[in-house]
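Okay, structure first, notes after.
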Amino acid sequence: MSGLDEIDVKDGDSTRLSGVMREPWPNLRELLERVAVGEITPDEAQDVLRRLPFGDLGFARIDHHRWIRTGLAEAVYGPGKTPDQCAAIIAGFLSSPISSPVVLTRADERQVAAALKSNPGGRVFNSTVVWNAQPCRAAEVVIVSAGTGDLMVAEECQATLTAYGYDPKVITDVGVAGLHRLLVVADQLQDVDAIVVIAGMEGTLPAVIGGLTAAPIIAVPTSVGYGSSLRGHTALLGMLASCAQGITVMGIDNGFGAACAVARLAARIELRAATVDKYMPLDGT
């Protein structure tokens, strides 16, 4: 029997699947002590940590350890929640022993005010608020928006990237109806690691940028536009049908999702680069 089966459980009974505790919280100190004396292996302990429980607030079950499992923390989606619920969920995340980023998205003024009152220190990006932003990471990311009407989506993307430790450069109002505006900043799109392109109307901008740079492009259609823009569906379909190869397309107005896509890709590249550096001989051979 694995040493994991004998770990005492704090605050309740455990549920074990294949000898691994699933919930609720184990005694973390005891777990670490057993690793230290060799009763369980670091790999077994890591398996426990990957499956630590959610926090049950009665009205919500918050996933503390998504950050460990995926490298992306669970976000707090404002619509449909009361201001007090938003504040309580954020407090629950901030109480975790794991210092993951905490992001409140699509929040109204009352939700933002309640969240900040109960949990001071958040950084506000319009309707998005960030706590526990991660240390600065090396990847260079650019956010490009076609028009000022797309800025709400761009700010959501910027806030989420900031939470994960990136410092994106934001270039605004360079839509294709005034192509000369884009060409002026074309050099800024060359030596970067990822570009998030946000556009409504007919959604042409990602294809144009895709023909100007080799950087990975995450395209976000927005609901901005007249008549047959169909609340973003025209832009979405245009981006999906782009003749510029390899463009990744998010859902309509999903700046949050675009930022998470960049974070997943960049983190994996950084991890592999660090692994190569770790095992590379000093003489480079």
Side-chain angles (χ1 to χ4, degrees), residues 105-106 123-128 130 136-266:
T105 68
R106 310 284 175 98
R123 181 178 174 185
V124 180
F125 297 77
N126 203 325
S127 62
T128 308
V130 173
C136 184
R137 307 180 78 156
E140 294 186 28
V141 183
V142 176
I143 300 170
V144 181
S145 72
T148 53
D150 304 310
L151 283 180
M152 287 284 289
V153 178
E155 287 172 345
E156 180 179 80
C157 183
Q158 179 187 16
T160 307
L161 284 168
T162 300
Y164 287 107
Y166 301 99
D167 184 20
K169 181 185 180 86
V170 181
I171 299 174
T172 63
D173 204 18
V174 289
V176 296
L179 192 58
H180 54 290
R181 301 175 299 181
L182 176 62
L183 297 177
V184 168
V185 299
D187 287 346
Q188 300 177 42
L189 307 176
Q190 302 307 313
D191 297 324
V192 297
D193 297 299
I195 304 172
V196 178
V197 184
I198 302 169
M201 303 290 184
E202 78 289 352
T204 308
L205 185 60
V208 175
I209 292 178
L212 295 174
T213 176
I217 294 175
I218 312 294
V220 185
T222 72
S223 52
V224 171
Y226 302 106
S228 58
S229 63
L230 303 175
R231 299 183 180 178
H233 287 84
T234 298
L236 172 63
L237 294 174
M239 292 176 185
L240 289 171
S242 171
C243 62
Q245 306 98 311
I247 291 177
T248 299
V249 182
M250 305 305 299
I252 297 169
D253 291 337
N254 194 1
F256 170 80
C260 290
V262 170
R264 276 186 183 269
L265 292 169

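Side chains are part of it too, since the values below use all heavy atoms of this structure and drop only hydrogens, waters and symmetry mates.
- When all heavy atoms of Val174 and Ile171 are compared, the closest pair comes out as CG1-CG2, 4.0 Å.
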For Val153 and Val224: C-alpha separation, side-chain torsions, deciding distance, then whether side-chain contact (heavy atoms from CB on, under 4.5 Å) applies.
CA-CA 10 Å; Val153 178; Val224 171; over 6 Å; no
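- Listed here is the closest heavy atom pair of Pro168 and Gln158: CG-CG, 3.9 Å.
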Listing, residues 231-244 side-chain donor-acceptor contacts under 3.5 Å, not counting sequence neighbours, or none:
| from | atom 1 | to | atom 2 | distance (Å) |
| --- | --- | --- | --- | --- |
| His233 | ND1 | Leu230 | O | 2.8 |
| Thr234 | OG1 | Ser228 | O | 2.4 |
| Thr234 | OG1 | Ser229 | O | 3.3 |
| Ser242 | OG | Ala244 | N | 3.0 |

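- Of all non-hydrogen atoms in Ala215 and Ile195, the two that sit nearest each other are CB-CD1, 3.9 Å.
- Here the CD1-CD1 distance, from Ile198 to Ile218, works out to 11.0 Å after rounding to the nearest 0.5 Å.
- Contact record, Leu151 with Ser145: CD2-OG, 4.0 Å, taken as the closest heavy-atom pair.
- Asp173 contributes atom CG, which lies 5.5 Å from atom OG1 of Thr148 (distance to the nearest 0.5 angstrom).
- To the nearest 0.5 Å, atoms CG (Asp167) and OG1 (Thr162) are separated by 6.5 Å.
- The minimum heavy-atom distance linking Ala261 with Met250 is given by the pair CB-SD, 4.5 Å.
- The neighbour count for Gln245 CD, taken as heavy atoms of other residues, nucleotides or ligands under 6.0 Å away, does not exceed 12.
- Put simply, the side chain of Glu155 never gets that close to the backbone of Phe125: no donor and acceptor are under 3.5 Å apart.
- Heavy-atom minimum distance, Ile247 versus Ala219: CG2-CB, 3.8 Å.
- With rounding to the nearest 0.5 Å, the separation of CG in Leu205 from CG in Asp150 is 9.0 Å.
- Between Lys169 and Glu140 there is no salt bridge, since none of the side-chain N atoms of the basic residue sits less than 4.0 Å from a carboxylate O of the acidic one.
- Under a 3.5 Å cut-off, the side chain of Thr213 and the backbone N or O of Leu189 do form a donor-acceptor pair.
- Put simply, CE on Met152 and OG on Ser223 are 10.0 Å apart, with the number rounded to the nearest 0.5 Å.
- Applying the salt bridge (Lys or Arg N to Asp or Glu O under 4.0 Å) test to pairs two or more places apart or on separate chains, none has a residue in residues 192-221.
- For CG of Asn126, the number of neighbouring non-hydrogen atoms (other residues, nucleotides, ligands) closer than 6.0 Å is greater than 12.
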